[in-house]
> 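Okay, here's the structure, questions in a sec.
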Amino acid sequence: MADATSEAGCMFCRIARGELGTPFVAESEHAVAFRDLSPQAPTHVLVVPRKHIAALRAVGEDDAPIVAGVMALAVEVARREGLLDGGGYRVVTNDGADAGQTVFHLHVHVLGGHQLAAMG
Ligand code: AMP
Ligand code: ZN
């Protein structure tokens with residue numbers, strides 16, 4: 001069924017395929033990176049795998065190269081945004097309702113450019 005939580009209705013799949021014209025900050029074999037619509041920091045970029053994976057919990061053993069590709073592209077985004085030579089950055093993924101996941105296609109948030117709130 002093509003709803004917002006299925007692959008058929010998935011907005012991030014459509015973005016990754018280039019169907020929505022969203023500019024990519026960076027891209028690689030396994031992942032694409034684009035700016036969050038509602039930025040929570042001066043740099044707030046989402047890195048998403050080209051393959052539809054609903055959340056971190058749905059990552060399979062065969063997906064290891066994809067997850068590595070997502071993390072590598074997150075570092076590349078940080079490098080391009082000047083965060084490696086600056087104050088650093090944070091990479092976060094939300095899995096499930098308590099974490100506030102709203103888009104059910106695996107993504108990591110790359111956040112930086114100012115002092116981030118301490119966690120925990
Ligand atoms: P999460 O709460 O981890 O599921 O985060 C989903 C994020 O996707 C939110 O920060 C939204 O602002 C962002 N978002 C939703 N739709 C889009 C879109 N079309 N382009 C860019 N960012 C989006
Ligand atoms: Zn998807």
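Remember, it's 1-based here, ligands and their atoms both numbered in the order they're listed.
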> Between His107 and His105, does the ring centre distance come in under 6.0 Å?
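When the ring centroids of His107 and His105 are compared, they turn out to be at least 6.0 Å apart.
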
> Taking all non-hydrogen atoms of both residues, which atom of His30 and which atom of Gly69 are closest, and how far apart?
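Closest heavy-atom pair between His30 and Gly69: CB-CA, 4.5 Å.
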
> Shared ILVMFWY cluster between Leu106 and Ile66, side chains joined below 4.5 angstrom?
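Leu106 and Ile66: one cluster.
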
> At a heavy-atom distance under 4.0 Å, which protein residues reach ligand 1? Sort them by chain and number, would you?
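The 4.0 Å shell around ligand 1 contains Met11, Phe12, Ile15, Phe34, Arg35, Asp36, Leu37, Ser38, Leu46, Asn94, Gly100, Gln101, Thr102, Val103, His107, His109.
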
> Does CD belonging to Glu29 count more than 12 external heavy atoms closer than 6.0 Å?
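Count not over threshold, so no.
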
> Determine the minimum heavy-atom distance between Val47 and Ala74, stating which atoms define it.
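In terms of heavy atoms, the two residues are closest at CG2-CA, 4.0 Å.
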
> I need the Arg50 CZ to Ser28 OG distance, nearest 0.5 Å.
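Here the interatomic distance stands at 6.5 Å.
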
> Step by step, would you call Met119 with Arg90 a side chain to side chain contact (heavy atoms under 4.5 Å, CB included)?
CA-CA 11 Å; Met119 296 179 71; Arg90 179 175 291 161; 3.6 Å; yes

> Would you give the angle at the Zn ion (ligand 2) between Cys13 atom SG and His52 atom ND1, to the nearest 10°?
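Answer comes to 100°, rounded to 10°.
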
> Of all the N, O or S atoms in His105, which has the shortest distance to the Zn ion (ligand 2)?
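Result for His105 and the Zn ion (ligand 2): ND1.
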
